[in-house]
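Step one of this worksheet: look at the structure below.
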Amino acid sequence: MGTYFVTGTDTDAGKTLVASGLLALARRHGHTTLGLKPVASGCDATPHGLRNIDALTLGEQSTPEVQYDVLNPYAYAPAIAPHLAARRAGDVPTLDDLVAATADPLAWQRDLTLVEGAGGWRVPLNAHEDLAGLARRLELPVILVVGLKLGCLNHAILSAEAIRADGLPLAGWVGNLIEPGLSFDETGDPALYRDNLETLTHRLSAPNLGILPHLAGETPAERAEAAANHLRLPAID
């Protein structure tokens, strides 16, 4: 399986749900797993320091277990764009910093390692660099999470074009239903649903690794297991 960078068409597209679901699926097959969230904003203060729910969710699906500061070396409290949150904290992480912070865990070469970005492909890291640069520096194939909602066709196609323009392969894409009842809900208009997915499959020119229905109400671990039922692993299965 290898190592992949997970990005989304937008904030809240479902990157963590998809990444944790893929890790849960790999664990079912007896594989070792690792989920990394190098930069996270919107972290909560705890007795152990700042903690991010997305990073904690990835950690729950990482086998063997990993210390939190390995999963999420750059954590910020404000729930705003990472570069703005870092600026408020008096910090300015660079791509060099992120590459150095991920070097050791990536060297572990677990069966499936997922490095989750923040927001979409072009989210800034600082005034001059963006998080897409981390995927470029690490030379990782990309899994694109498409938040299935009105407008996502444009967002998905533009994201795929940007990924390929940066010289990286699109290893696959996953659709995640954001708003039940709209054109991407199979239960509402099955014909329109199929047409939309056919458009994405054709225009993205990459394997579809699954379509997630609206999954709500469970704990993060339960949601990961539920998502795994609708996913397939890249390059196998």
Side-chain angles (χ1 to χ4, degrees), residues 1-8 13-40 51-73 98-118 121 131-132 134-147 160 163 168-177 201 204 206-213 215 218-237:
M1 286 170 288
T3 303
Y4 301 85
F5 189 89
V6 180
T7 191
K15 295 186 301 299
T16 302
L17 178 60
V18 169
S20 62
L22 288 170
L23 294 171
L25 181 57
R27 293 175 68 196
R28 288 183 189 176
H29 287 272
H31 296 299
T32 57
T33 58
L34 176 63
L36 302 177
K37 181 84 172 177
V39 179
R51 294 292 185 267
N52 176 264
I53 185 61
D54 293 344
L56 291 170
T57 299
L58 296 177
E60 287 183 323
Q61 301 301 330
S62 296
T63 305
E65 187 177 354
V66 183
Q67 291 185 344
Y68 182 85
D69 58 354
V70 173
L71 301 170
N72 176 213
L98 267 59
V99 169
T102 56
D104 283 347
L106 290 180
W108 297 340
Q109 295 184 335
R110 295 193 179 179
D111 295 329
L112 178 63
T113 297
L114 300 179
V115 181
E116 184 183 316
W121 185 245
L131 271 172
L134 180 60
R136 293 194 301 269
R137 289 279 296 271
L138 298 176
E139 299 182 335
L140 296 181
V142 179
I143 295 173
L144 175 63
V145 179
V146 179
I163 291 165
L168 296 174
L170 184 60
W173 67 277
V174 176
N176 176 44
L177 184 63
T201 301
L204 297 183
N208 173 236
L209 302 180
I211 302 296
L212 302 188
L215 303 173
E218 298 91 354
T219 67
E222 291 171 336
R223 282 166 55 82
E225 290 294 338
N229 295 329
H230 301 274
L231 296 169
R232 65 185 181 92
L233 296 171
I236 68 170
D237 274 11

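Because only heavy atoms are used, hydrogens play no part in the values below, and waters and symmetry mates are left out as well, while side chains stay in.
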Hey, mind stepping through L36 and V66 against side chain to side chain contact (heavy atoms under 4.5 Å, CB included) and telling me if it holds? CA-CA 10 Å; L36 302 177; V66 183; 5.7 Å; no
Got a donor-acceptor contact below 3.5 angstrom from the [X] side chain to the [Y] backbone?
X	Y	result
R110	P64	yes
R232	N208	yes
Y68	N52	yes
S20	A224	no
T7	L144	no

Any idea which heavy atoms bring [X] and [Y] closest together, and the distance?
X	Y	value
P213	L177	C-CB, 4.1 Å
A26	T33	CB-CG2, 3.7 Å
L131	G117	CD1-C, 4.5 Å
L231	G21	CD1-C, 3.6 Å
A228	A24	CB-CB, 4.2 Å
A13	N176	O-ND2, 2.9 Å

From [X] [atom1] over to [Y] [atom2], what is the distance, rounded to the nearest 0.5 angstrom?
X	Y	atom1	atom2	value
I143	K15	CD1	NZ	13.5 Å
Q61	T63	CD	OG1	7.5 Å
H230	L25	NE2	CG	11.5 Å
L71	E60	CG	CD	11.0 Å

Passing option when V18 is tested against L23, L114, L209, V145 for side-chain contact (heavy atoms from CB on, under 4.5 Å):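 Single pass found, and it is V145.
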Test side chain to side chain contact (heavy atoms under 4.5 Å, CB included) applied to V142 and W173, step by step: CA-CA 9 Å; V142 179; W173 67 277; over 6 Å; no
Looking at side-chain heavy atoms only, is the closest gap between [X] and [Y] below 4.5 Å?
X	Y	value
L112	H31	no
P105	L34	yes
L106	V115	yes
L138	T3	no

Could you tell me whether the side chains of E116 and T16 share a donor-acceptor contact shorter than 3.5 Å?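 The criterion, which ignores hydrogens and geometry beyond distance, is satisfied for T16 and E116.
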Full working for side chain to side chain contact (heavy atoms under 4.5 Å, CB included) between L140 and Y4: CA-CA 5 Å; L140 296 181; Y4 301 85; 5.9 Å; no
For T32 and W108, run side chain to side chain contact (heavy atoms under 4.5 Å, CB included): C-alpha distance rounded to whole Å, both residues' side-chain angles, the deciding distance at 0.1 Å, then the answer. CA-CA 10 Å; T32 57; W108 297 340; over 6 Å; no
